[in-house]
Every structure is written in structure tokens, then in C-alpha cells.
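This report refers to the structure that appears directly beneath it.
In what follows, every chain begins at residue 1, and chains take the letters A, B, ... in the order their sequences are listed.
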Amino acid sequence: MNMIKNASSASKKAFLNYGIVIVFFIVFQTLVSTGNITSALKGQLIPIVCYMIMAVSLNLVVGISGELSLGHAGFMSVGAFTAVIVSSAMGDAANPAKLVVSMIVGAGVAAIAGFLIGIPVLRLNGDYLAIVTLAFGEIIKNILNCLYVGIDEKGVHFAFNNPDALGMNPLGKVVINGPMGAVGISKIATFPAAVILLMIILIVIQNLVNSRTGRAIMAIRDNRIAAESMGLSPMKYKMLAFTVSASMAGAAGAVYALNYSTLVPKKFDFNTSILVLVFVVLGGIGNMTGSLIAAGVLVVLPELLRKFSDYRMLVYAIVLILVMLVTNNEKLKGRIDTFFKKFRMNIAKGGRKK
Amino acid sequence: MSKSPEVKLVNVPSPNFVPEKDADKPLVLEAAHLGIDFGGLVAVDEFNIGIGATEICGLIGPNGAGKTTIFNLLTKVYEPTRGTIMLGGKDTHNMTPVQVNQMGIARTFQNIRLFDKLSVEENVKIGLHNHIGYHTLSGVFRLPSYWKEEKKSHERALELLDIFGMADLANVTADSLPYGAQRRLEIVRALATGPKLLLLDEPAAGMNPSETEELMNNIRKIRDEFQIAVLLIEHDMNLVMGICESIVVLNFGRIIAKGTPSQIQGNPQVIEAYLGTHRG
Ligand SMILES: Nc1ncnc2c1ncn2[C@@H]1O[C@H](COP(=O)(O)OP(=O)(O)OP(=O)(O)O)[C@@H](O)[C@H]1O
Ligand SMILES: [Mg+2]
């Protein structure tokens with residue numbers, strides 16, 4: 001019976017996802033070490049993993065907690081630019097140490113941003129998060145466009161709007177240069193490190209979902225009034241999911257940034273947020289396996305879709321709208337379900353007659 | 001139908017009365033001059049009730065009388081326009097549904113509100129939420145407290161489901177249960193929160209007579225085993241007259257009669273309210 005949901009099915013799914021990541025890693029690591037990979041694809045490996053993290057972490061908000069966030073790339077950029085500053089400020093510390101510390105600080109700063117946004121918004125009952133996160137993404141982008149950060153032997157200098165206000169000595173190095181973004185990043189991110197981060201994040205998300213806390217988050221999503229009557233505070237659990245998700249996007253941003261020598265704030269704009277949302281929606285809302293696969297496939301696909309470059313976002317938008325209509329419209333969903341049931345029955349009948 | 005023996009109702013200090021057995025125990029719930037308006041509509045007015053520690057009380061009245069609205073007031077889904085609600089002696093003014101649940105009030109819903117996509121067991125575990133003693137991080141890192149508490153709550157959930165003989169349905173998703181079983185699951189889930197007062201909104205709706213009979217026995221069993229009070233809304237008069245020790249009758253948002261089942265059955269105003277031509 002398809003209605004039976006085994007208690008162990010959740011952990012089976014979780015292990016399927018770890019398996020997917022491990023196989024993905026082994027395959028591509030082998031391709032890289034045997035030199036059987038195009039340099040374009042090799043360059044995409046770390047971004048692919050980062051987008052997988054973005055997708056599963058956004059799925060925690062959209063799928064598990066049932067809130068719409070349109071500014072996930074904003075948290076990614078907070079993590080990215082924080083990581084650039086941190087890794088530069090660490091001077092000639094060992095690369096793995098720099099990478100780990102950058103990721104942690106990037107995640108932390110993004111978590112704080114998420115927490116601050118969540119406090120006023122998530123206590124309200126309604127779709128306000130979508131609007132506010134959309135605004136947040138744009139505001140962060142504009143702030144970073146005006147941000148100048150330099151490092152000299154006295155420490156880290158910040159300036160806003162005016163690079164001359166940095167007040168560095170001539171030997172200092174500009175790390176973030178307004179609209180030009182982060183410059184001269186040391187490319188310390190590695191594919192194995194990114195995969196380890198993805199693995200940790202998957203474990204955290206899946207363990208969270210299959211715990212008392214995850215049940216509470218899903219209960220609030222499914223029926224807020226009933227959940228409240230059971231003594232679950234919607235604000236508390238929505239905040240938790242949103243903040244954890246923001247911190248994960250921050251960590252992804254950190255790894256992403258440390259894979260490039262330069263990075264502009266515009267990279268993390270509304271389109272990027274929507275792109276990640278597309279991964280989540282296409283992969284299936286609440287379905288982590290789907291998010292992983294959708295992110296993997298769709299980050300590589302644009303390389304192939306490049307021919308239609310101008311229509312790319314249009315195609316994405318249309319697909320997104322169609323999928324949303326189908327997944328959110330109960331009547332439509334019902335009709336499609338009955339259609340497929342009939343379809344299957346017809347096939348079954350046909351099969352038996354012959 | 002197995003009828004409970006009629007109990008004697010005694011006055012307590014207030015305009016209320018409770019069964020004699022509860023007379024020396026504090027009231028679980030006391031509401032005074034309770035009322036709420038929706039725009040111009042006075043949905044509930046001058047609602048007074050006192051519920052004894054182990055009382056089974058019925059709230060009846062024609063459709064649209066304001067019964068569900070009273071549940072929504074007691075559980076703070078709505079903040080009352082007028083009056084006070086005391087839970088275990090504490091005023092619940094400005095409290096949230098979450099707070100009053102933690103103070104010992106749990107409910108079911110007339111229009112079933114289960115967590116549809118979660119399993120039966122998960123639904124009960126959500127009721128147990130505030131009694132499961134591990135923190136988010138212990139869950140994320142799968143610390144020993146996670147395994148211990150999850151095992152304990154699994155066993156407790158099955159125990160509670162067993163009241164209604166539903167333990168073997170633990171792994172089925174809630175929305176695939178038949179209607180009657182969904183209603184029973186809602187009761188189990190509410191019970192899991194550890195209430196002192198259980199509010200049941202039309203628990204027998206959609207059940208056949210034998211299911212209803214079994215439900216009556218189970219409501220009594222729950223009261224006896226857990227030593228809690230039950231306030232129930234029900235249109236099935238066999239059930240109401242069969243298990244309620246006291247009954248409050250509501251019409252147009254106001255109480256029109258209060259008393260034991262036999263007092264209510266013989267009350268001309270009640271008969272008028274139910275059979276009156278002015279209301280369907
Ligand atoms: N949120 C609301 N806003 C406006 N009017 C409301 C609201 N909730 C209830 N009412 C009105 O209050 C009155 C009482 O409704 P309520 O649901 O409490 O009745 P009821 O006694 O539970 O009826 P039934 O037996 O049909 O369940 C009705 O006229 C209803 O339309
Ligand atoms: Mg009602």
C-alpha cells in the first residue's frame with residue numbers, strides 16, 4: 001500500500017542522499033585525478049557543490065518550514081564577502097585553517113543576518129518573508145557595492161562609499177573594492193573541502209528534520225493552529241529553521257568566494273536567489289534528493305543552454321510558474337493525480353486484456 | 001447505550017456548580033462574563049462556566065450557537081472581547097494558545113486539523129513535544145539523550161494510541177485514515193500534551209452508532225485513567241446524555257440552560273431551542 005510510510009523510510013532517504021554525494025565525489029575526483037574532465041567542468045565543480053548546499057538549505061525553509069524566501073543569495077553573499085575579509089586578514093595561516101575559519105565566520109555572520117530579519121517578520125502570520133527577503137537580497141547587494149575594505153599591518157579597515165576613507169598605509173592591500181567587488185582573493189577552496197561541507201550540512205538538515213525539532217517545524221507548516229494548540233511556538237521554530245538555513249547559505253558563500261580570484265556583489269542578485277528556488281521547486285519541495293540533483297544538473301545545464309542565453313531566465317521563470325501552479329493548486333494537483341491514476345489503470349487494463 | 005449513573009451537582013463558591021465528587025477540588029476552568037463580538041455580531045455573551053477537576057461536561061446548542069467560538073476563546077485562538085477565563089486559578093488574559101496549552105488545556109477541532117502528511121505516530125509525538133526531553137543540538141548530533149528520549153516517546157505514543165486500539169496504525173500517514181479514526185487520533189494527540197482539561201469539538205461527528213458507543217466508553221476511560229476534566233461539544237444526544245455529568249445549553253451565543261442530563265432533557269426552553277421554528 002502506498003499509504004504506508006515506514007518509520008525507517010526517512011533514514012533510508014537520508015542515507016540515499018549521503019550515497020549520492022559520495023558517488024558524485026568519487027566519480028568527479030577520479031575524473032579530475034585522471035585528467036578526464038574538461039577544464040570548464042572542472043572549474044564548475046566547487047560552484048556545483050555550493051549550489052547544492054544552497055538548494056538543500058533553502059529547501060529547509062521552503063520545504064520543511066513552509067516559508068518562501070526570495071533572498072537566499074543575499075545570505076550567500078554575506079558569507080562570501082565575510083570569508084574574503086577573514087581569509088585575507090588571516091595572512092599566511094595554513095590554507096585549510098583559513099578555509100575552515102572563513103566558513104565558520106561566514107556562516108555565523110549570515111546566521112546573524114537571518115536572525116535579525118526573522119525576528120520582525122516571522123512573528124507575523126502571512127507571506128511577508130518573501131517580500132522582506134527579496135528586499136534584503138537587493139539591499140545587501142547595494143551595500144556591498146559601496147563597501148571598501150582594506151588590510152594593512154594595523155588590521156582591517158572599513159569605508160563606505162569612499163575608498164580614500166580607508167586610511168591605510170601605502171603597503172596595505174584593498175580586499176573589497178566597492179562595485180568591483182572582492183579582488184585578489186587567494187583561491188583556497190578545494191573540491192573535497194566543499195564536499196565535506198555539503199555532507200555536514202546534509203547530516204545536520206536530515207538529523208534536524210528527523211528529530212523532535214523537525215517534527216515541530218513540519219507540524220507548524222502543516223497546521224499552524226493545531227500546532228499552537230499542542231504548545232508549539234511557531235515563531236521559535238520558524239526562526240530556528242530560517243537562521244540555520246541562512247548560516248548554511250553563508251558557509252556555501254564562503255566556499256564559493258574562495259574559489260575565485262575576484263567576485264562582484266552582483267553575482268548574488270535576485271536572479272541567483274530565484275535560480276536556487278528553481279532548484280528547490282524542480283527537485284521537489286521538501287525533497288532533499290531532488291534539490292541535490294536539480295542543483296547539480298541545472299548548474300551544468302546553462303553551459304549547454306548557453307545557445308539560448310537571452311531566453312534562459314525566461315525559460316526558468318516559465319518552468320517555475322508552471323511547477324508552482326501545479327504543486328500549490330490542490331484542484332489542479334487532484335486532476336493531475338486522477339489523470340495519472342486513470343492513465344495507469346488503462347495501461348493495467350490494456351495489459352490484462354492482451 | 002450504556003448510561004453513566006446520574007450524579008448530583010453541587011454549588012461551588014461562584015455562580016457555578018460541579019459534580020459532588022469534585023466539590024472539594026479546585027476548578028480546572030472558570031470563565032465569567034465571557035463574550036466576543038465579530039464586527040457587529042455578538043457571537044458569545046455572558047458565558048459563565050465552572051468545570052470540576054474530573055467532570056465530563058457537555059456543551060450543546062443548535063448550529064451557529066457559538067459553541068466552537070467558546071472553544072476558540074478558551075484556547076485563546078480568539079482573545080475575548082469581555083470577561084475572564086481562569087485556568088487552574090490563573091487568569092489567561094493576553095496569553096497565547098501555546099501558553100494555555102502548557103497550562104493544561106488541549107483540544108480537538110470540529111474540522112479535523114491533523115498534520116496530514118506526517119504519520120499517526122508522528123502526530124502523537126508532536127503532542128508529546130513538550131514532554132520529550134532533549135534539545136535541538138542533541139537531535140542534530142544524535143547524542144544519547146536523543147536515542148533515549150525518542151525511544152521513550154515512541155513507546156508512550158504507542159501506549160496512547162492503544163487507548164483507541166490504533167497502535168498498529170502508527171506508521172500510516174494521518175490523511176489516509178478513515179474519518180472516524182482521524183477524530184480518534186486528534187483525541188490521542190491532544191491527550192499526549194498532558195492536559196488537565198480536554199476540549200472535544202464534536203468527537204462523534206461522522207461516526208456510526210457502534211463507533212459512537214465505543215467512543216463514549218473511551219472518553220470515560222480517559223477521564224478515569226488520567227483523572228482529567230472533559231468539556232465536549234456534541235450533537236449526538238445519546239452520547240451527551242450518556243456520559244455528561246453536567247450540560248450547558250447555548251443558543252444565540254447565550255446560555256439558556258444548565259444542569260444534569262435529566263434536568264436538561266425536561267427543560268422546555270431547550271426543547272424550544274432545538275425544535276423552535278425560528279431556527280433550522
Ligand atoms: N472568525 C469569525 N468571524 C466572524 N464570525 C464568526 C467567526 N467565528 C464564528 N463566527 C460566527 O459566530 C457564530 C457562532 O459560530 P460557531 O462556529 O461558534 O457555532 P457552533 O455553535 O460551533 O455551530 P456548529 O454546531 O455548526 O458547529 C456563527 O454565526 C459564526 O458565523
Ligand atoms: Mg462548531
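- Heavy-atom neighbours of chain A within the stretch residues 80-95 of chain B, taken at a separation under 4.5 angstrom, are nonexistent.
- Here the CZ-CG distance, from B:Arg113 to A:Asn223, works out to 4.5 Å after rounding to the nearest 0.5 Å.
- A heavy-atom distance below 4.5 Å is not found between the side chains of A:Asp222 and B:Asp116.
- Residue-level contacts of residues 239-252 of chain A with chain B, in order of numbering, are A:Leu240; threshold 4.5 Å between heavy atoms.
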### Task
Test A:Met235 against B:Val98 for side chain to side chain contact (heavy atoms under 4.5 Å, CB included), laying out the working first.
CA-CA 11 Å; A:Met235 161 92 174; B:Val98 175; over 6 Å; no

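- Of the two parts of B:Thr193, only the side chain, counted from C-beta on, holds a non-hydrogen atom closer than 4.5 Å to a non-hydrogen atom of chain A.
- Taking CG of B:Leu128 as the reference point, atom CZ of A:Arg215 lies at 8.5 Å (rounded to 0.5 Å).
- Within residues 141-150 of chain B, the residues having any heavy atom less than 4.5 Å from a heavy atom of chain A are, in residue-number order, B:Arg142, B:Tyr146, B:Glu150.
- Within 6.0 Å of OH on A:Tyr128 lie no more than 12 heavy atoms contributed by other residues, nucleotides or ligands.
- A donor-acceptor pair is defined here as one N or O able to donate and one able to accept, closer than 3.5 Å; no such pair exists between the side chain of B:Tyr134 and the backbone of A:Ser211.
- We find the CE-CD1 distance between A:Met218 and B:Ile126 to be 7.0 Å, quoted to the nearest 0.5 Å.
- Proximity to chain A (any heavy atom under 4.5 Å) is shown, for B:Leu137, by neither the backbone nor the side chain.
- In this structure a side-chain-to-backbone donor-acceptor pair under 3.5 Å is present from A:Arg212 to B:His129.
- Inspection of non-hydrogen atoms places no residue of residues 193-201 of chain A under 4.5 Å from chain B.
- Counting only heavy atoms from C-beta outward, the side chains of A:Met230 and B:Arg189 approach each other to under 4.5 Å.
- Between chain B and the residues A:Pro234, A:Ser233, A:Ala226, A:Ala227, the largest count of heavy-atom pairs under 4.5 Å involves A:Ala226.
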